[in-house]
Undergrad: 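Can you read through this structure? Questions will come right after.
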Amino acid sequence: MNTQLLKILKKAGKIATTEQKKMTVDIKKDKSIVTNGDLAVSKFLETELKKLYPDHDVFSEENTETSPSSKKVIVIDPIDGTESYSRVQDSWSILVGFLYNNQIHGGIVYQPSKNLLYYGFKDQGAFKLDFKLNTKVKMEALNKSNSLGVCSPKDYGEQLFMKKLGFTNQEYSYSAALKIMQVAEGYADIYANFRKKCSIWDLIAPVAILNEAGGMIKYNPLIEYNFNKTHIDADFCCFGKTINEKDIF
């Protein structure tokens with residue numbers, strides 16, 4: 001992983017945790033919340049990533065006024081899991097994804113509160129860095145212990161879907177990216193999302209890592225990543241190597 005890119009992510013994490021101590025919360029036009037942390041991290045990442053990758057367009061959840069025109073685009077979610085962040089909980093992360101010719105090329109999911117960073121780039125594998133333990137582990141979407149599904153705590157449809165597939169052992173959280181990481185590192189077998197509340201900045205980075213770990217995402221209906229229509233109006237499932245796609249669909 002690019003050393004300078006890693007430094008930028010760590011600095012963004014420090015900004016997020018600093019801003020979290022002086023929390024302010026506003027409501028956006030789409031009725032979702034935005035905090036001082038979202039805005040500060042977005043501004044920092046937009047500036048620094050453009051310096052590091054001058055031939056890329058940079059597109060952030062908090063700055064969607066101009067659609068990218070380059071074939072190389074960096075897509076940012078400065079705080080994924082803003083609700084958790086605003087409550088000073090752990091289920092939030094910083095997402096940076098790379099799209100080349102509208103195809104997912106790479107992604108980073110950084111969880112500053114736990115000193116964990118996940119990354120994966122096309123044909124280079126997926127890895128988990130634990131800064132506290134100073135370890136680097138290659139990720140493989142293969143659950144070797146128990147059959148586990150993860151989903152949203154408020155969506156009974158997702159929970160029922162997984163029960164029908166035989167996943168009675170379930171865990172719940174609000175962060176889509178972190179749930180995808182559970183599948184990518186082999187902790188969970190499957191993640192179902194039927195809420196239709198995700199946008200492209202929520203999924204590009206974690207899906208890049210999932211792909212490199214040998215997992216898969218399937219949308220229903222099929223979607224394309226579109227900067228003119230950023231909302232993903234589709235159900236989707238992420239699953240690891242132990243799941244047969246035919247068994248689900």
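Since the model is a prediction, treat every value here as computed from it, not as a measurement.
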Undergrad: Does Lys241 come within less than 4.0 Å of Glu140, counting only side-chain N to carboxylate O?
TA: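 Salt bridge flag = yes for Glu140 with Lys241.
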
Undergrad: Quick check: are there more than 12 heavy atoms from other residues, nucleotides or ligands sitting under 6.0 Å from CG of Asn134?
TA: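 Counting other residues, nucleotides and ligands, CG of Asn134 stays at 12 neighbours or fewer.
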
Undergrad: Hey, is NZ on Lys114 packed in by over 12 heavy atoms from elsewhere, all under 6.0 Å?
TA: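 Atom NZ in Lys114 is not crowded, with 12 or fewer foreign heavy atoms closer than 6.0 Å.
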
Undergrad: Do the non-hydrogen side-chain atoms of Ser199 and Glu61 ever get within less than 4.5 Å of each other?
TA: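 A side-chain contact under 4.5 Å is absent here.
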
Undergrad: Between Asp235 and Lys196, is there a salt bridge with N-O shorter than 4.0 Å?
TA: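 Judged by the 4.0 Å cut-off on N to carboxylate O distance, Lys196 and Asp235 do form a salt bridge.
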
Undergrad: First locate atom CG of Asp26, then atom CG of Leu39, and finally report the distance between them rounded to the nearest 0.5 Å.
TA: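 So the CG of Asp26 and the CG of Leu39 are separated by 8.0 Å.
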
Undergrad: Just verifying a value: how many Å separate Ser67 OG and Asn226 CG, rounded to the nearest 0.5 Å?
TA: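 Reported value, rounded in 0.5 Å steps: 8.0 Å.
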
Undergrad: Before we go on, tell me: are the rings of Tyr119 and Tyr110 under 6.0 Å apart, centre to centre?
TA: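 Tyr119 vs Tyr110: aromatic centres not under 6.0 Å.
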
Undergrad: Heavy atoms, side chains only, cut-off 4.5 Å: are Tyr53 and Asn2 in contact?
TA: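 Answer yes - side chains close enough.
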
Undergrad: Between Ser147 and Asn169, is a side-chain hydrogen bond (donor to acceptor under 3.5 Å, both in side chains) present by the stated rule, with each step listed?
TA: CA-CA 7 Å; Ser147 295; Asn169 188 14; over 6 Å; no

Undergrad: Would you indicate whether the side-chain heavy atoms of Glu171 and Tyr187 approach each other to under 4.5 Å?
TA: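 In short, these two side chains touch, coming nearer than 4.5 Å.
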
Undergrad: In the single-linkage hydrophobic clustering (I, L, V, M, F, W, Y; side-chain heavy atoms under 4.5 Å), do Val75 and Ile217 co-cluster?
TA: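 Yes: a chain of side-chain contacts under 4.5 Å links Val75 to Ile217.
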
Undergrad: Between the side chain of Thr17 and the main-chain N/O of Lys14, is any donor-acceptor distance below 3.5 Å?
TA: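 Confirmed, Thr17 side chain pairs with Lys14 backbone.
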
Undergrad: Do Leu142 and Val207 belong together in a cluster built from hydrophobic side chains that touch within less than 4.5 Å?
TA: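 In one cluster with Leu142: Val207, no.
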
Undergrad: Short question: side chain of Tyr118, backbone of Pro206 - any donor-acceptor pair under 3.5 Å?
TA: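 A pair under 3.5 Å: no.
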
Undergrad: Roughly how far apart are Glu212 CD and Lys138 NZ, rounded to 0.5 Å?
TA: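 Glu212 CD to Lys138 NZ: 9.0 Å, rounded to 0.5 Å.
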
Undergrad: Measuring from Ile76:CD1 to Ile94:CD1, what's the distance to the nearest 0.5 Å?
TA: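 Answer for the CD1-CD1 pair, Ile76 versus Ile94, is 10.0 Å.
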
Undergrad: Are the side chains of Ser60 and Val58 in contact, using a 4.5 Å heavy-atom criterion?
TA: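 Sidechains of Ser60 and Val58: no contact.
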
Undergrad: I want to check something: taking the side chain as every heavy atom from C-beta on, are Ser70 and Asp55 in contact at a cut-off of under 4.5 Å?
TA: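 No - every pair of side-chain heavy atoms lies 4.5 Å or more apart.
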
Undergrad: Output yes when Lys50 and Glu46 qualify as a salt bridge under the 4.0 Å nitrogen-oxygen rule, no when they do not.
TA: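 Salt bridge: no.
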
Undergrad: Could you give the distance from CZ (Phe227) to CD1 (Ile200), rounded to the nearest 0.5 Å?
TA: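 With rounding to 0.5 Å, CZ (Phe227) is 4.5 Å from CD1 (Ile200).
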
Undergrad: Classify the ring geometry between His105 and Tyr100 as parallel (under 30°), tilted (30 to 60°) or perpendicular (over 60°).
TA: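 Answer is parallel, since the angle falls under 30°.
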
Undergrad: Can you tell me how far CE of Met181 sits from CD1 of Ile209, rounded to the nearest 0.5 angstrom?
TA: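 If we round to the nearest 0.5 Å, Ile209:CD1 and Met181:CE are 4.0 Å apart.
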
Undergrad: Given 3.5 Å as the limit, does a donor-acceptor pair link the side chain of Glu185 with the main chain of Lys128, or not?
TA: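 Checking the backbone N and O of Lys128 against the side chain of Glu185, no donor-acceptor pair under 3.5 Å is found.
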
